[in-house]
Student: 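The structure follows.
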Amino acid sequence: VIEHERPELLAIGASRWFLLKRLLIGSVADRLLRAALCDVLVIPRRPAVLKLGAPIAVASDGLTPVPVRPDITAVARFVPVPRRLQQHDRADRQARAHE
Amino acid sequence: VAERLHGLQQSRTLRRIVCATDLTVRSTAAWERAASLARRTGARLTLLHVIDPGQPARMRANRAYVELLSQADLAFGSAAGFIDVAVRRGNVRDIITRTADEWDADLIVLAAPKSRRLDSIVGTTAERLVRTAKRSVLVVRREMKGGYRQVAIAADLSSASLPMIRTAVRLGALDGACATVVHAVHPSYDGMMRAVGLGELTVAP
């Protein structure tokens, strides 16, 4: 893509790997940093967090068309949103309100 | 999506950019880019130079201050008050990380590293910084010719991809740019497919 599209900037995510894994095989970010001929923006990855305001795709059985929240289009009745993610979501909402 | 992107752009809060420079020509593109981003987003800019611990500090520090101030003046002219200048001594990666934490920077900008023989083993400063910094890092390789017009975003479609794109928007990297989202897939059993005579286009179209 870099060769064909010739972008001026490449944005990539970077994970924080364990030392041994990093030493053995390196990361995609490392290799792109060396090889890319354009500017590279490396954005650290955060743990899987549901962010408010982002469009969220959730599996649906097609039987529950009423959205429970404006940013969630549908939620399958038999696939509850994990409690862990709800907690992340609440924390994000609080952080945003604080900002 | 357009509404959401517009909302994100409105709510952008890029407050601080730290630009690490070694005061060589190589870093010119980096601080020019950092200054351009700071001007566009209204963020404050910190120009940072790190002196190696093995070198005599005082004279180098004084000279570095003068050079950084002249760079600030060159980049911002009368508005150079928006730029902070810092000269510190110590391990380059640690100092950059610590300074970014101290100023609560949203973005660290630095020049692309020179390629040296041991880099493939120990990694360059930029690579080590990327591994350890909790902040976004922009490695500048090209001379600046205005804002970015073509941007490629590498996304692995994991839950981390969307926050990554949102961060790129928040940092102003996609302003007025034509963005391509790239998702690369390594084809399974490609070796076997090639072995039975399938062409390259069939294996990885």
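Letters go in sequence order (proteins before strands), and every chain restarts at 1.
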Student: Look up atom CZ in B/Arg135 and atom CG in B/Asp104, then write down how far apart they are to the nearest 0.5 Å.
Tutor: 5.0 Å
Student: Out of B/Arg149, B/Lys145, B/Arg141, which one racks up the most heavy-atom pairs below 4.5 Å with chain A?
Tutor: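 Going by pairs under 4.5 Å, I would pick B/Arg141.
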Student: Tell me, yes or no, whether the heavy-atom count around B/Arg142 atom CZ, taken from other residues, nucleotides or ligands under 6.0 Å, exceeds 12.
Tutor: yes
Student: Check whether any side-chain N or O of B/Thr99 sits under 3.5 Å from a backbone N or O of B/Ile95 as a donor-acceptor pair, and report yes or no.
Tutor: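 Judged by distance alone, yes, a pair lies under 3.5 Å.
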Student: Check whether any side-chain heavy atom of B/Leu47 sits under 4.5 Å from a side-chain heavy atom of B/His49, and report yes or no.
Tutor: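 Of all side-chain heavy-atom pairs linking B/His49 with B/Leu47, none is under 4.5 Å.
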Student: Tell me, for B/Leu107 versus chain A, whether the close heavy atoms (under 4.5 Å) come from the side chain, the backbone, both or neither.
Tutor: side chain
Student: Between A/Asp39, A/Leu33, A/Leu37, which shows the greatest number of heavy-atom pairs under 4.5 Å with chain B?
Tutor: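 That would be A/Asp39.
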Student: Side chain, backbone, both or neither: which part of B/Arg33 has an atom under 4.5 Å from a heavy atom of chain A?
Tutor: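 Only the side chain of B/Arg33 comes within 4.5 Å of chain A.
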Student: Tell me, side chain or backbone of B/Ala112 under 4.5 Å from chain A's heavy atoms, or both, or neither?
Tutor: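 When you check distances to chain A, no heavy atom of B/Ala112 falls under 4.5 Å.
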Student: Decide side chain to side chain contact (heavy atoms under 4.5 Å, CB included) for B/Cys178 and B/Gln150; before the verdict, give the C-alpha distance in whole Å, the side-chain angles of both, and the deciding distance to 0.1 Å.
Tutor: CA-CA 5 Å; B/Cys178 174; B/Gln150 288 282 341; 4.1 Å; yes
Student: At a 4.5 Å cut-off on heavy atoms, which part of B/Val182 comes close to chain A: side chain, backbone, both, or neither?
Tutor: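 Contact with chain A involves the side chain of B/Val182 alone.
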